[in-house]
Amino acid sequence: MARDLRDNVAIVTGASQGIGKAISLELAKAGANVVLAARSRDALEELAAQINRLKKDTALAVPTDVASEESIRNLLAAVEEHWGRMDILVNNAGRTLSRPLAETTSADWDRLMAVNARGAFLLCRESLALLRRSERAHIVNISSVVGVKGYTRQIAYTASKHALRGMSIALAEELRDTNIRVHVICPGGVLTEMTDSVRPDIPKDELILPEEIADWVLHLLRQEGRGVVDEIRIRRASSGPWF
Ligand SMILES: NC(=O)c1ccc[n+]([C@@H]2O[C@H](COP(=O)([O-])OP(=O)(O)OC[C@H]3O[C@@H](n4cnc5c(N)ncnc54)[C@H](OP(=O)(O)O)[C@@H]3O)[C@@H](O)[C@H]2O)c1
């Protein structure tokens with residue numbers, strides 16, 4: 001059984017490239033209205049135009065900095081004005097850093113936490129009213145393999161992804177008797193600019209494709225029946241089993 005996502009309203013953060021762009025395109029193909037959020041206006045508008053060519057008036061580009069509370073409020077005001085409700089929130093915006101502990105500054109730590117953890121927290125909190133108007137709503141938080149384990153030289157990034165995953169587990173419990181489900185996706189290495197910047201050592205042809213992550217997100221959102229999937233972990237086939 002597959003749930004119909006047509007006319008659902010979804011926000012995807014970090015939609016300007018990589019995994020967020022792939023998720024946005026898959027949601028659009030499934031007939032959802034997609035609100036594209038990231039800082040790069042041109043990339044968002046280009047993607048919105050691409051989606052709107054497939055189906056008119058279904059994508060909205062809203063330049064957003066998830067580190068800014070005001071920017072998040074503007075994003076949600078745009079959704080309220082346009083659709084008056086929301087069914088799907090994908091917290092995907094993220095940044096990374098490869099630096100040993102001794103060289104990780106307080107500013108590095110704050111910058112990563114502000115986007116990867118606090119940004120998602122703010123979006124969850126500020127979206128609640130809109131999500132409650134949906135028949136069945138989903139929050140999908142994109143954590144990481146380092147939301148489960150830890151990698152050397154990724155102190156701040158690992159902490160932020162653990163924080164995001166931990167918050168998601170607590171939020172799922174808090175919302176268990178409501179219409180809102182909370183899920184976590186933990187990908188291993190994906191073929192995006194982010195991986196290129198911190199793990200150039202991994203052969204490109206071993207990296208998971210962003211479209212594969214998007215497939216798993218759609219699978220989760222379409223899932224019907226008595227069972228619920230809380231978390232999906234996706235590792236590179238060439239990495240060790242069971243992270
Ligand atoms: N690549 C991997 O191997 C991997 C593995 C596990 C988890 N992840 C997670 O997956 C998510 C997407 O990563 P990716 O690989 O697709 O990375 P990416 O290609 O670097 O894309 C990151 C996205 O986040 C956006 N972003 C960054 N800072 C932002 C901010 N302050 N406000 C709003 N948007 C912001 C960027 O857009 P702008 O620059 O336009 O703002 C961009 O769209 C991240 O959360 C990442 O941690 C990635």
Side-chain angles (χ1 to χ4, degrees), residues 11-26 34-48 61-76 89-98 108 110-123 140-151 154 156-165 167-168 183-204 206-214 216-217 231-239 243:
I11 289 183
V12 181
T13 68
S16 58
Q17 61 182 52
I19 296 171
K21 182 175 180 180
I23 294 172
S24 302
L25 282 167
E26 278 312 303
V34 195
V35 184
L36 310 167
R39 293 164 306 171
S40 310
R41 180 185 290 274
D42 289 354
L44 292 184
E45 284 180 352
E46 203 175 296
L47 181 58
V62 185
T64 306
D65 180 353
V66 301
S68 154
E69 208 155 339
E70 192 193 344
S71 187
I72 285 175
R73 291 220 178 91
N74 288 340
L75 167 65
L76 292 164
L89 167 63
V90 183
N91 280 310
N92 164 80
R95 54 190 303 159
T96 192
L97 180 74
S98 176
D108 290 335
D110 290 347
R111 207 175 302 115
L112 261 71
M113 294 302 278
V115 175
N116 299 356
R118 183 174 176 271
F121 150 71
L122 288 174
L123 266 149
V140 181
N141 291 333
I142 310 296
S143 180
S144 166
V145 53
V146 301
V148 179
K149 54 194 267 192
Y151 282 165
Q154 296 196 8
Y157 183 61
T158 298
S160 71
K161 290 296 179 180
H162 269 70
L164 176 61
R165 183 164 173 270
M167 179 195 74
S168 309
H183 315 267
V184 175
I185 306 282
C186 295
V190 183
L191 185 61
T192 67
E193 275 183 27
M194 179 180 280
T195 313
D196 218 21
S197 68
V198 287
R199 292 297 305 272
D201 55 302
I202 306 176
K204 299 254 181 306
E206 290 185 12
L207 291 168
I208 305 161
L209 297 175
E211 293 74 18
E212 294 180 62
I213 307 300
W216 285 109
V217 171
E231 177 168 275
I232 298 180
R233 297 182 187 180
I234 310 146
R235 67 174 175 86
R236 283 183 294 121
S238 55
S239 69
F243 71 71

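Remember, it's 1-based here, ligands and their atoms both numbered in the order they're listed.
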Heavy-atom distance to [atom]: which of [options] wins?
atom                    : options                      : answer
atom 44 (C) of ligand 1 : Ile142, Leu44, Asp42, Asn92  : Asn92
atom 3 (O) of ligand 1  : Val190, Asn91, Leu75         : Val190
atom 43 (O) of ligand 1 : Ala93, Ala15, Gly94, Ser16   : Ser16
atom 28 (N) of ligand 1 : Met194, Arg39, Arg41, Arg236 : Arg39

For [X], counting its heavy atoms only, list the atoms of ligand 1 lying under 4.0 Å from any of them.
X      : result
Asp65  : 30 (C), 31 (N), 32 (N)
Pro187 : 5 (C), 6 (C), 7 (C)
Thr195 : 1 (N), 2 (C), 3 (O)
Gly189 : 3 (O)
Ser40  : 38 (P), 39 (O), 40 (O)
Ile19  : 10 (O), 15 (O), 16 (O), 48 (C)
Thr64  : 32 (N), 33 (C)
Val115 : 28 (N), 31 (N)

Ligand 1 contacted by [X] (non-hydrogen, < 4.0 Å):
X      : value
Pro210 : no
Ala114 : no
Lys161 : yes

| Any ion pair linking Glu231 and Arg233 (charged N to carboxylate O, less than 4.0 Å)? |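 A salt bridge is present here (some side-chain N lies under 4.0 Å from a carboxylate O).
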| query | Is the shortest distance from a Lys or Arg side-chain nitrogen in Arg118 or Glu69 to a carboxylate oxygen in the other one below 4.0 Å? | reply |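 Yes, this pair counts.
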| request: Name all residues meeting the ring-ring contact (aromatic ring centres under 6.0 Å, His included) criterion together with His162; count only those two or more places apart in sequence or in a different chain, and write none if there are none. | output: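 Here no residue qualifies.
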| Considering all heavy atoms, the nearest Ile208-Ile234 contact |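 Shortest heavy-atom separation between Ile208 and Ile234 comes out as CD1-O, 3.7 Å.
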| query | What are the two closest non-hydrogen atoms of Glu26 and Ala214, and how far apart are they? | reply |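 That would be CG-CB, 3.6 Å.
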| Taking everything shown except Glu206 itself, do over 12 heavy atoms lie less than 6.0 Å from its CD? |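 Counting neighbours around CD of Glu206, more than 12 heavy atoms of other residues, nucleotides or ligands fall under 6.0 Å, so yes.
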| message | Counting non-hydrogen protein atoms only, what is the nearest one to atom 25 (C) of ligand 1? Give residue, atom name and distance. | response |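 Of the protein heavy atoms, Gly14 CA, 3.6 Å lies nearest.
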| Closest non-hydrogen protein atom to atom 47 (O) of ligand 1, residue and atom name please, with distance? |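 For atom 47 (O) of ligand 1, the nearest protein heavy atom comes out as Tyr157 OH, 2.5 Å.
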| Hey, is Ser143 touching ligand 1 through its side chain, its backbone, both or neither, going by heavy atoms under 4.0 Å? |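 Ser143 to ligand 1: backbone contact only, side chain stays beyond 4.0 Å.
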| message | Heavy atoms only, cut-off 4.0 Å: how does Gln17 contact ligand 1, side chain, backbone, both, or neither? | response |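 It is both backbone and side chain that touch ligand 1.
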Exercise answer: donor-acceptor pairs, residues 34-45 side-chain atoms, under 3.5 Å, sequence neighbours excluded:
none

| When you check the side-chain N and O atoms of Asn141 and Ser168, is any donor under 3.5 Å from an acceptor? |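 Yes, because at least one side-chain N or O of Asn141 sits under 3.5 Å from a partner of the opposite role on Ser168.
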